[in-house]
Visitor: 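Here it is, the structure, as structure tokens.
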There are 2 protein chains.
Amino acid sequence: MTARPLRADARRNRQRLLEVAVRVLSQDGPDVPLEAVAREAGVGIGTLYRHFPTREALVDAAYQGELDRLCDCVDDLLATLAPAAALRAWMDRFFDYLATKRGMGPALRALVASGGNPFERSRQRLTTALATLLRAGGAAAELRVDVDPDDVLVALSGICLAAADRQDRDQAARLLDLFLAALRPAAAGEPRYGRRSQGTIG
Amino acid sequence: MTARPLRADARRNRQRLLEVAVRVLSQDGPDVPLEAVAREAGVGIGTLYRHFPTREALVDAAYQGELDRLCDCVDDLLATLAPAAALRAWMDRFFDYLATKRGMGPALRALVASGGNPFERSRQRLTTALATLLRAGGAAAELRVDVDPDDVLVALSGICLAAADRQDRDQAARLLDLFLAALRPAAAGEPRYGRRSQGTIG
DNA sequence: GATCGAAGTGGAGGAGCCTCCGCTTGATGC
DNA sequence: GCATCAAGCGGAGGCTCCTCCACTTCGATC
């Protein structure tokens, strides 16, 4: 499980690839041929693919920094806003994070979908960020306590990705407001999410 | 605006392509080479692309029938279930519709995203179906009256697509329950969706 | 500083995507 | 029937993706 450290040359190449990827992705958009990235980094395409087996893996690694910032701002938000408002503000940032990377669509969907695989780290961070927000909201009785942060992540990312396709910020804002409503404490007697679904699935 | 009718041979080819597409898509999965579809239909790849400029267009056309069935069942559902429950049941069907076509991911996202373009017909039908359900729910005071069916369609499709990636039906059901909660009438004094967003976007 | 196995490299090659444009054919008017 | 030509056809070609494996390089060991 503890992968031995990369050889020096490999580490160097990996680093170079990442630097080039960040630059090229933001310059030429999300559809740059990976061959171009490899060429620019002065390595063969094979090398790129060994370090980053899929385009998604490369994108994920390239934007690790931004994702970190996104997750790290949770504490700040909670320090300055009431929990529900903090969550709502965080949703906006999450939307921006996804939207600026739109076109890398499959990459991002894979990130959220990852069933315990290469993007585990990223997903884990996001889930943790959401968990913190939800917990604060629960403690303040502003949000439900019976939602799974991972569920929220999936729903939220789906909504954001779909909204990003529409290129309509107003709609995006409305959808996030709407989704936030789902996270408010249920009125007494109202059907609950989580125990035996109302649906006909299954 | 009134496109003149296709020439007889073109109509024939188009039809053949659709029949083959339905068969091949369900047989070999959503990633079949379009060249295979063309070959099987006995036409050149150029012909396929003229009739269906993108893979999405082909998929959409191929599943028009299923989509019709999905939209047509609304009345039945409303006849046998209370509006909110009918909506919930419809969500399940919508999920199935999208899920069986997963892997055609971009195709389906394009369908919902379509800003007045080739999939207009499909989107229109879905929006209408949702509008009917929402109106019934509003009339029965089971659902909000202040939601735009188009917003619901975008959010719903996003959630379904994301959930489908996870391959977890239980989660999908939970997410749909959760989303339904967002559509319940807001408690008095609760922030409303639709007017000036709480968010920082914009 | 020579040896050697493991780690890493790179690019050729097979496959699919989509465009483009010279060729074919159905519809229409005579 | 025949001429005409827009509508339609098809597949070669340029491009990207991703795999695969013979070759190179690192660095541990003596």
Side-chain angles (χ1 to χ4, degrees), chain A residues 1-21 24-25 27-62 103-110 117-119, chain B residues 1-21 24-25 27-62 103-110 117-119:
Chain A
M1 220 65 227
T2 48
R4 60 156 61 200
L6 287 178
R7 231 166 63 175
D9 55 341
R11 203 160 351 109
R12 217 157 39 227
N13 280 338
R14 199 191 138 87
Q15 194 49 35
R16 276 269 273 311
L17 279 168
L18 275 179
E19 285 159 13
V20 171
V24 169
L25 279 173
Q27 207 171 71
D28 302 353
D31 289 332
V32 253
L34 294 186
E35 328 247 329
V37 176
R39 196 176 337 109
E40 193 114 346
V43 305
I45 185 65
T47 298
L48 185 152
Y49 272 97
R50 191 157 358 77
H51 285 294
F52 305 103
T54 62
R55 179 180 284 267
E56 293 85 79
L58 179 60
V59 170
D60 179 52
M104 327 208 179
L108 300 167
R109 304 198 26 242
N117 274 333
F119 307 111
Chain B
M1 217 70 227
T2 48
R4 60 158 59 200
L6 287 176
R7 233 166 62 175
D9 55 341
R11 203 163 349 111
R12 216 158 39 229
N13 281 337
R14 199 191 137 86
Q15 194 49 38
R16 275 271 271 312
L17 279 167
L18 275 180
E19 284 160 12
V20 170
V24 169
L25 279 173
Q27 207 171 70
D28 302 353
D31 290 333
V32 252
L34 295 186
E35 328 248 328
V37 176
R39 195 176 337 111
E40 194 113 345
V43 305
I45 185 65
T47 299
L48 183 151
Y49 272 97
R50 191 156 357 75
H51 285 293
F52 306 102
T54 61
R55 179 179 285 266
E56 293 84 79
L58 179 60
V59 171
D60 179 53
M104 326 207 180
L108 300 168
R109 301 190 37 232
N117 275 333
F119 308 111

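Just the heavy atoms: all of them, side chains too, but no hydrogens, waters or symmetry mates, feed the values below. Every chain is numbered from 1, with letters handed out A, B, ... down the list of sequences. Computed from a predicted model, the values in this text were never measured in an experiment.
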Visitor: What's the closest nucleotide to the side chain of A/E35 if the choices are C/dG8, D/dG8, D/dC18?
Guide: D/dC18

Visitor: For a quick test of reading the model: is some side-chain N or O of B/T47 closer than 4.0 Å to OP1 or OP2 of D/dG8?
Guide: no

Visitor: Rounded to whole angstrom units, what separation is found between the OH atom of A/Y49 and the P atom of D/dT16?
Guide: 12 Å

Visitor: Within this structure, what is the CZ-to-P distance between B/R11 and D/dC9, rounded to whole angstrom?
Guide: 12 Å

Visitor: Could you state the CD1-P distance from B/I45 to D/dG10, rounded to the nearest angstrom?
Guide: 11 Å

Visitor: To the nearest 0.5 Å, tell me how far B/I45 CD1 sits from B/R50 CZ.
Guide: 11.0 Å

Visitor: Roughly how far, to the nearest 0.5 Å, is CD of B/E19 from CZ of B/R16?
Guide: 8.0 Å

Visitor: Quick check on C/dT9: is either OP1 or OP2 less than 4.0 Å from any side-chain nitrogen or oxygen of A/H51?
Guide: yes

Visitor: How many whole angstroms separate atom CG of A/L48 from atom P of D/dC17?
Guide: 10 Å

Visitor: Ignoring hydrogens and geometry, is there a side-chain-to-backbone donor-acceptor pair from A/R55 to A/P30 under 3.5 Å?
Guide: yes

Visitor: Please give, in whole Å, the distance from C/dA7 P to A/D9 CG?
Guide: 13 Å

Visitor: Are A/L6 and A/R14 packed together at the side-chain level, in the sense that at least one heavy-atom pair is separated by less than 4.5 angstrom?
Guide: yes

Visitor: Side-chain N or O of A/N13 less than 4.0 angstrom from OP1 or OP2 on C/dG8?
Guide: no

Visitor: Counting side-chain heavy atoms from CB outward, which of D/dC17, C/dG16, C/dG26 is closest to B/P33?
Guide: C/dG16

Visitor: If you find the nucleotide of DNA chain C closest to B/G46 and the one closest to B/L6, which residue's nucleotide is nearer the 5' end?
Guide: B/G46

Visitor: Quickly work out the A/R12 CZ to D/dC26 P distance and round it to whole Å.
Guide: 7 Å

Visitor: Expressed in angstrom and rounded to an integer, what is the separation of B/F52 atom CZ from D/dC9 atom C1'?
Guide: 15 Å

Visitor: Which is true for A/A8 with a 4.0 Å heavy-atom rule: it touches a base, it touches only sugar-phosphate, or it touches nothing?
Guide: sugar-phosphate

Visitor: Roughly how many Å is it from CZ in B/R39 to C1' in D/dC9, rounded to a whole number?
Guide: 17 Å

Visitor: Mind checking whether B/N13 and B/H51 have side chains closer than 4.5 Å, heavy atoms only?
Guide: yes

Visitor: For B/R7 and for B/R50, find the nucleotide of DNA chain C with the closest heavy atom, then tell me which residue's nucleotide is more 5'.
Guide: B/R50

